[in-house]
Amino acid sequence: MTEESTEAAETTEARTFDIPYRFEVDATTAALHAEHDGLEDGEETGTTATVAGRLMLKRDQGKIVFGVVQDGTGRIQIFAPAKTTPDFEAFTKLSLGDWIGVTGEVIKTRRGELSIRPSAWTVLAPTRRPFPDKWHGITDPDTRYRQRYVDLWVSEESNAALRARSRIMSLTRRWLEDRDFMEVETPIFHSIASGAMARPFTTHHNALDIDLFLRIAPELYLKRLTVGGFERVFEIGRVFRNEGISTRHNPEFTMLELYWAYADYHDVMELVEQLVSHLAMEICGTTTIEYDDRELDLAAPWKRASMTDLIAEHTGLDLSVDMDRDVLADIAREQGVEVKDHYGPGKLILEIYEKTTESQLWGPVFVTDYPKEVSPLSRDHRSEPGLTERFEAIVAGRELCNAFSELIDPDEQLERFEGQEADRAAGDAEAMGMDLDYIRALEYGLPPTGGLGIGMDRLVMLLTGSTTIRDVVLFPTLRAEQVHHADDAAPEENAEGSQTA
RNA sequence: GGGCCGCUAGCUCAUCGGGUAGAGCAGGGGACUUUUAAUCCCAAGGUGCCGGGUUCGAGCCCCGGGCGGCCUACCA
């Protein structure tokens with residue numbers, strides 16, 4: 001087997017076409033269906049339309065060719081009789097996967113299929129690689145994620161989920177802007193990894209000769225803006241956490257954070273339940289959706305319950321951060337928690353909650369009043385000592401967001417950072433970094449502020465029914481693939497573009 | 001990171017007690033004037049992920065590696 005013949009099996013011989021520099025489309029396939037699906041079988045409209053897209057199916061009848069063209073909105077049949085189709089011979093030679101533009105009368109065939117009968121057509125891009133199975137498409141997840149450019153036009157569900165993602169982002173922005181929130185962009189390079197508990201990615205700036213972290217959260221920059229007088233800000237952007245990859249985790253993911261001056265965490269709860277139910281109505285047409293074969297009602301208001309009440313409800317254990325640390329540690333061990341020496345009462349309660357209760361919740365429910373020990377950026381609870389005004393929303397059994405009445409006291413914030421540093425010294429690689437400039441900002445005065453972070457990928461999963469995050473991320477993080485191309489293939493190498501070598 | 005599983009033609013999948021791989025679709029050639037994954041005929045297409053080992057003989061058994069999936073751990 002020679003190199004040439006191997007390659008010939010994988011890419012078809014180059015066909016040459018005179019490809020225009022632009023092409024004027026005047027209709028989408030969806031619009032044509034919306035307008036003309038009511039036609040009688042065999043009826044003709046007398047109206048001409050021009051569509052463009054990829055040739056997905058072709059049925060050659062000899063003197064008639066039936067094609068199916070797919071654009072970004074759907075599909076339409078091309079009805080091409082030899083008699084009326086220009087350059088008919090060439091039309092019969094088109095390959096599945098070719099991009100074409102077609103102009104012709106909109107008609108309905110005798111068998112009742114809405115079609116365009118071409119009076120003109122042109123190739124817009126010939127495909128040089130073989131078409132995936134036209135019925136099964138691509139099932140190999142590796143290929144779907146690596147070659148999303150194929151997956152997107154072959155797998156309808158992928159296409160729909162990723163388009164829904166784009167709409168969700170757009171709807172979220174509009175909804176927040178309608179409430180006078182202003183979108184901002186803060187740095188992705190951080191010199192201190194702070195604002196969340198996670199391991200960062202590290203990089204280096206040559207000219208400054210300094211190491212930098214990719215941000216794990218935009219939080220501290222956004223609150224600096226509130227100090228600066230931007231009273232309602234939000235950022236939708238990528239954050240980076242150097243942790244495991246799973247069906248719910250991608251190392252880079254999209255976070256919405258917002259800060260709302262003069263509001264508290266009760267206001268933020270209302271905002272979250274309203275935003276999410278609004279998005280559900282827009283995307284799903286209802287707030288009663290199904291996820292993972294279970295029903296979920298996203299209509300506001302959502303249940304609110306404190307962490308300790310939920311633990312009591314699920315285990316019968318009546319816990320409090322006032323309890324003796326060692327007593328709590330024993331209870332934690334009984335529940336299967338791996339207790340570490342530096343865990344205080346608050347951390348132990350959080351661990352017990354995560355072990356016994358969180359996975360039992362389906363939601364939506366706001367879990368409120370987190371221990372101070374595990375909430376270094378949240379303000380002390382106004383009436384519950386040792387707790388903070390913080391909540392997470394559990395929806396479909398997963399954490400959707402994290403929010404709080406922001407800690408505004410610089411002295412208290414400094415102490416919390418010091419506590420984090422102690423944890424880091426005790427071996428906690430995810431402890432938050434000390435940020436003295438942020439303390440300085442607080443010293444200028446941060447008004448009462450409600451803050452929120454939502455994992456947008458998770459939200460998209462929820463609203464599109466996706467059970468893996470990779471289905472809502474266009475290009476999920478994967479190991480590098482070694483792609484060979486025929487032109488640079490060494491003789492002993494496999495001249496293959498889609499396999500690993 | 002740990003455990004389990006997978007990798008066969010461009011795509012979707014077969015095959016076997018270890019005896020040298022087979023079909024559909026796509027691609028090539030041909031037939032067909034209303035098809036709907038069209039149909040029919042012909043020909044072609046494989047370093048069975050890679051590298052070792054065992055064996056007279058390995059896609060199949062063993063070891064190592066690569067890539068992926070699921071579960072698990074951390075987090076959103």
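All heavy atoms count here, side chains included; hydrogens, waters and symmetry mates do not. Bear in mind that the values here come from a model prediction, so they are computed numbers and not experimental data. Quick note on labels: first sequence line is chain A, next is B, and so on, each numbered from 1.
Atom-to-atom, CG of A:D140 to P of B:U8 comes out at 8 Å; the value is rounded to the nearest Å. Rounding to whole angstrom units, NZ of residue A:K58 and C1' of B:U34 are separated by 17 Å. Summarising the geometry, the separation between CD on A:E89 and P on B:G29 is reported as 11 Å, rounded to the nearest angstrom. Whole-Å rounding puts the A:D60 CG to B:U34 P distance at 13 Å. Computed from coordinates, the A:W135 CH2 to B:A37 C1' distance equals 6 Å when rounded to whole Å. A:F88 places its CZ atom 10 Å from the P atom of B:U33, with the value rounded to the nearest Å. Between A:R117 atom CZ and B:U33 atom C1' the separation is 13 Å, expressed in whole Å. Nucleotide B:A73 holds its P atom 12 Å from the CD atom of A:E351, rounded to whole Å.
Taking the six-membered ring wherever Trp is involved, the centroid distance between the rings of A:F404 and A:Y265 does not fall below 6.0 Å. A distance of 6.0 Å or more separates the ring centres of A:F213 and A:F189.
Considering only side-chain atoms of A:S95, the nucleotide from B:U12, B:G27, B:U72 that sits closest is B:G27. Comparing B:C70, B:A38, B:G68 by their nearest atom to the side chain of A:L57 picks out B:A38. Nearest to the side chain of A:P141, among B:C70, B:C11, B:G69, sits B:G69. Out of B:U12, B:G69, B:A37, the shortest distance to the side chain of A:T139 is found at B:U12. Side chain of A:R59, nearest nucleotide from B:U36, B:C70, B:U33: B:U36. In the set B:C70, B:C11, B:C74, B:C70 carries the atom at the smallest distance from any side-chain atom of A:R470. Here the nucleotide nearest the side chain of A:D142, chosen from B:A38, B:G29, B:C67, is B:C67. Of the candidates B:G27, B:U36, B:U34, B:U34 carries the atom nearest the A:F79 side chain, counting heavy atoms from C-beta on. Comparing B:U36, B:G24, B:G69 by their nearest atom to the side chain of A:L478 picks out B:G69. Out of B:C70, B:G27, B:C25, the shortest distance to the side chain of A:T468 is found at B:C70.
A gap of 24 Å separates the C1' atoms of B:C5 and B:A9, to the nearest Å. Rounded to whole Å, the P atom of B:C40 lies 11 Å from the corresponding atom of B:A26.
Nucleotide B:U12: paired with B:A23 (Watson-Crick or G-U wobble, both distances less than 3.5 Å). Pairing of B:G1, defined by two Watson-Crick or G-U wobble distances under 3.5 Å, is identified with B:U72. Here B:C7 sits opposite B:G66 as a Watson-Crick or G-U wobble pair (both hydrogen-bonding atom distances under 3.5 Å). If you check B:G57 for Watson-Crick or wobble pairing at under 3.5 angstrom, you find it has no partner at all.
Here A:R146 reaches the OP1 or OP2 of B:G68: one of its side-chain N or O atoms lies under 4.0 Å away. For B:A26, one of the phosphate oxygens OP1 or OP2 lies less than 4.0 angstrom from a side-chain nitrogen or oxygen of A:K134.
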Quick one, A:T127 with A:D98, criterion side-chain hydrogen bond (donor to acceptor under 3.5 Å, both in side chains). Give me CA distance, side-chain angles, the key distance, then yes/no. CA-CA 5 Å; A:T127 180; A:D98 285 343; 5.4 Å; no

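Looking at heavy-atom distances under 4.0 Å, A:R479 makes contact with sugar-phosphate atoms alone, never a base. A:T247 comes within contact range of the sugar-phosphate backbone alone, with a heavy-atom separation under 4.0 Å but no base atom that close. Counting any heavy atom pair closer than 4.0 Å across all strands shown, A:G62 reaches a base atom.
Comparing A:H136 and A:I469 along RNA chain B, the residue whose closest nucleotide (by nearest heavy atom) sits nearer the 5' end is A:H136. Mapped onto RNA chain B by nearest heavy atom, A:P132 and A:K355 fall at different nucleotides, with A:P132 at the one closer to the 5' end.
Note: A:F91 and A:W121 have perpendicular aromatic rings, judged against thresholds of 30 and 60 degrees for the angle between ring planes. Taking the six-membered ring for Trp and thresholds of 30 and 60 degrees, A:W362 and A:Y291 have ring planes inclined between 30 and 60 degrees apart.
Here A:F131 does not lie in a stacked arrangement on the base of B:A26, lacking the combination of planes under 30° and ring centres under 5.5 Å apart.
Geometrically, A:K340 does not engage A:Y343 in a cation-pi contact defined by less than 6.0 Å to the ring centre and at most 45° from the axis.
Screening A:R248, A:R470, A:R165 for a side-chain hydrogen bond (donor to acceptor under 3.5 Å, both in side chains) involving A:D457 leaves a single residue, A:R165.
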